[in-house]
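A short write-up of the structure that comes next.
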Amino acid sequence: MAVATTMELTFPRSIDSLPRVFEAIEDFLTGLSMNEEARFAISFSVEELFTNLVKYNPSSRTDIVLELVKREGEVEVSVTDPDAEPFDITQKPDIETNKPLAERKPGGLGIHLMKKVLDRIDYQYSDRRSKTTLIKKLE
Amino acid sequence: MLDITWGEDGRVVFAGRFDASQEAKAQSFLDQVQGACALDFKDLQYISSAGLGVLLKTQKRLAASGVGLRLINVSKHIRDIFHYSGFESIFEIDPSP
């Protein structure tokens, strides 16, 4: 088994950080044999987690940590808030996506879609560190 | 970065990445749409749930007048997102080219 390649970066807790987050992901994934759907799934899911931390924990002064790991056959991406209340998206109930337009409300779709486009989501919470890990297989 | 412009036939042309940092700009543009309108996604590389929220909000506003948005030139990975969102039943989406 090949040795895993890891990269860890921190970003200010702001929506304005998003372009640099995407750039870091693209740089990390460069050269990997990976289809467009898989790249999309990773960017989409990291944005969802990152914007949730910006929106729902705005008073924290800590930066948000992004860790990317390449392994044989998969990519693992973790988004960590070092100072947060627990927020385990794996425990969130599924939303109904078959409602007619009049009953649909903006919001709530992001976590549902992450579960659809990723292969696995793990969650760890310890000493106020809230860490969500996303796994996407390369094939 | 996201560019939104009016196309020659009244369509709205999206190019680039529609992420949360572009939400206010996109909403402000789509608030100008008053009738049935096509959104051309030919050069749209990415859309996040923030972008989906803007589309849904606009569709709900237009539905009150009995019209709606039509999405054209939608790439496969964005189409998949619409499928998982249940948007295929609330937006008219042209078949992929």
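Below, chains carry the letters A, B, ... as their sequence lines are ordered, and counting in each starts from 1. Worth saying up front: this structure is predicted, and the values here are computed from it rather than measured.
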Problem - Side-chain touch B/Leu30/B/Val54, heavy atoms, less than 4.5 angstrom - result: yes
Handout entry: Interface residue of largest heavy-atom contact number with chain B, from A/Leu113, A/Val54, A/Leu18, under 4.5 Å
Key = A/Leu113
Fill in the blank from the handout: chain A shares the most heavy-atom pairs under 4.5 Å, among B/Glu88, B/Arg17, B/Met1, with B/Arg17
Handout entry: Option that, when pairs with chain B are counted at under 4.5 Å, heavy atom only, ranks first among A/Leu101, A/Leu109, A/Ile15
Key = A/Leu101
Problem - Proximal component of B/Ile81, with respect to chain A [non-hydrogen, under 4.5 Å] - result: both
Problem - Cation-pi, A/Tyr125 ring and A/Lys131 (6.0 angstrom, 45 degrees) - result: no
Problem - Greatest number of heavy atom pairs closer than 4.5 Å to chain A - which of B/Ser85, B/Gly53, B/Gly86 - result: B/Ser85
Practice task
State whether a side-chain donor-acceptor pair under 3.5 Å links A/Thr80 with A/Ser78.
Solution key: no
Problem - Note: A/Lys137-A/Asp119 ion pair, threshold 4.0 Å (strictly below) - result: no
Handout entry: Proximal component of B/Asp80, with respect to chain A [non-hydrogen, under 4.5 Å]
Key = side chain
Exercise for the section: For chain A, find which of B/Gln59, B/Glu23, B/Lys60, B/Lys57 contributes the most heavy-atom pairs closer than 4.5 angstrom. Expected result: B/Lys60
Exercise for the section: Test salt bridge (Lys or Arg N to Asp or Glu O under 4.0 Å) on A/Asp81 and A/Arg129 and set out the steps. Expected result: CA-CA 6 Å; A/Asp81 189 334; A/Arg129 285 180 71 83; over 6 Å; no
Fill in the blank from the handout: With chain B, the option among A/Ala41, A/Ser43, A/Pro19 that has the most non-hydrogen atom pairs under 4.5 Å is A/Ser43
Practice task
Sort A/Phe22 into side chain, backbone, both or neither according to what part of it lies under 4.5 angstrom from a heavy atom of chain B.
Solution key: side chain
Exercise for the section: Answer with yes or no after comparing the ring centroid distance for B/Phe18 and B/Tyr46 against a 6.0 Å cut-off, counting only values under it. Expected result: no
Problem - Atom group of A/Glu37 that falls short of 4.5 Å from chain B, counting heavy atoms - result: both
Practice task
Output the option from A/Glu96, A/Glu36, A/Arg39, A/Lys99 having the highest count of non-hydrogen pairs under 4.5 Å with chain B.
Solution key: A/Glu36
Handout entry: Under 3.5 Å side-chain donor-acceptor pair for A/Gln91 and A/Tyr123
Key = no
Fill in the blank from the handout: dist B/Arg70:CZ -> B/Asp94:CG (nearest 0.5 Å) comes out at 4.5 Å
